[in-house]
2 protein chains.
Amino acid sequence: MQEMAVTYSIGEVAEMFGLSVPTIRYYDKEGLIPNLNKNAAGVRRFNEDNVSTLKIVECLKNAGMPIKDIKQFVQWTLQGDKTLNERSQMFQELRVSVQEQMKQLQETLDTINFKCAYYGKATSDGTEKYVKEEMHLN
Amino acid sequence: MQEMAVTYSIGEVAEMFGLSVPTIRYYDKEGLIPNLNKNAAGVRRFNEDNVSTLKIVECLKNAGMPIKDIKQFVQWTLQGDKTLNERSQMFQELRVSVQEQMKQLQETLDTINFKCAYYGKATSDGTEKYVKEEMHLN
DNA sequence: CCTTAACCTAAAGTTAAGTTTAGATATTAA
DNA sequence: TTAATATCTAAACTTAACTTTAGGTTAAGG
C-alpha cells in the first residue's frame, strides 16, 4: 500500500510560479534545482522537494540575489551541516540588505506621493504654474 | 549686482549622486538631462535645474522605471502643460507599482526572517536535524 | 611653464538573465 | 491511430544598463 509520489511537469511548475518554461530549464541548467529527476524518456518530473527549492530560489531572487549566489546557496544545502554557518550568515546579510531596500523604496514612494499631489493639483488647475509656486515655496 | 549662477562639474555631480562619471555622460547622451550646458571648451556645467532633474531621474530609477520611460517623462516635462495628464497618470501608476513592490519585498523579508530563525537554531544545535523536524511540523 | 588630474567623444565591450530557434521526441485527447 | 500539444537539447540571440578603451583636450596647482 505505497503512496504514489505526486509529481509535476515543467509546464505545471511554470504555471505555479508564473515563470516561462525556458526560464525553468535555464534554472535547472544553472544548477538551481538539484535532484530534479527525468523519466525514462528524458522528461523532467518535479517532486515536492524540487518545488520547495524553487520557492526559496524565488525568495532569493526577489531579495535581489544574483543567480550565481543563489547557486552557491543551493550548493551549500547539498553539503549538509558543515555549511550551516555560511548559510546562516548569508540570510542575516540578506535581511539587512532587504531592510535597506525597503527603506529606499519607502523614500521613493514618499517622493512619488509628493509628485502625485503636485500633478493632481496641476491637472485640476490645467497648468503647473500655481502649484509650482506653491510647492517650490519661492 | 547679478548673482553668479552656481554650477558643478560632472565629477562633482557624480560624487553627489554616487554615480560614475561615464554613467552621467550616458544619461546625458540618452536625453535624461535636458538643457545641460557646456562651456566654450565643450565641458559640461551642471546648474541647479540639471541637478533637480537628476534627482527625479534617480527617484524613477529606484522605482524600477527603465531609462526609455524616464526619457519619455523628461520629454513630457519639456512639452509643458499639454502633457500634464500623461505625467499625472504616470505617477499614479508608479505609486501603485511601488506599493506592490513594497508588499512583495515585505513578504520576502518575512520569509528571510523565518530562515534567520531556522539557521540561528540550526547553527546553535550544530545540525539542521532538530530544527527541521520542529519547523516542518512532520 | 609644467605636470597631473579631470574632462571630452565615439565606439566597442561586458554582464545578467533570460528568450528564441531549430530540429527532434513524447504525451494526450479524440 | 492520428493530430495537436508538450517536451527535449544545444546554441545563438536579445536587451538593458552600463563600462571600458583609445586617443585626445582642458583646467588647476606649484
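All figures in this text were calculated on a predicted structure; none of them were measured in a lab. Every chain is numbered from 1 and lettered A, B, ... according to where its sequence line falls, protein lines coming before strand lines.
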Does a side-chain N or O from [X] land closer than 4.0 Å to OP1 or OP2 of [N], or not?
X	N	result
B:Arg44	C:dT9	yes
A:Asn39	D:dT7	no
B:Ser9	C:dC7	yes
B:Tyr26	D:dA16	no
A:Thr23	C:dT19	yes

Would you say CD of A:Gln89 has more than 12 non-hydrogen atoms from neighbouring residues, nucleotides or ligands within 6.0 angstrom?
no
Which is true for B:Pro66 with a 4.0 Å heavy-atom rule: it touches a base, it touches only sugar-phosphate, or it touches nothing?
sugar-phosphate
Among C:dC7, D:dC18, D:dC8, which nucleotide has an atom closest to any side-chain atom of B:Val21?
C:dC7
If you check every side-chain atom of A:Lys68, which of C:dA16, D:dC18, D:dC8 has the closest atom?
C:dA16
What do the steps show when you test B:Gln106 against B:Asp110 for side-chain hydrogen bond (donor to acceptor under 3.5 Å, both in side chains), and what is the final call?
CA-CA 6 Å; B:Gln106 181 60 58; B:Asp110 292 345; 2.9 Å; yes
What is the distance, to the nearest angstrom, from the [atom1] atom on [X] to the [atom2] atom on [N]?
X	N	atom1	atom2	value
A:Ile70	C:dA16	CD1	C1'	12 Å
B:Leu60	D:dA17	CG	P	12 Å
A:Lys38	C:dT25	NZ	P	16 Å
A:Ile10	C:dA26	CD1	P	17 Å
A:Lys29	D:dC8	NZ	P	14 Å
A:Ile67	C:dA17	CD1	P	5 Å
B:Arg25	D:dG24	CZ	P	17 Å
A:Glu12	C:dT27	CD	P	14 Å

If you assign A:Val43 and A:Tyr27 each to the DNA chain C nucleotide with the nearest heavy atom, which residue ends up on the more 5' nucleotide?
A:Tyr27
Is the distance between the ring centroids of B:Phe91 and B:Phe73 under 6.0 Å?
yes
Is the closest basic N to carboxylate O distance between B:Arg87 and A:Glu128 below 4.0 Å?
yes
Please report the C-alpha distance between A:Phe17 and A:Tyr27 in whole Å, then the side-chain angles of each, then the deciding distance to 0.1 Å, and finally whether the ring-ring contact (aromatic ring centres under 6.0 Å, His included) criterion is met.
CA-CA 13 Å; A:Phe17 285 92; A:Tyr27 288 173; 9.5 Å; no
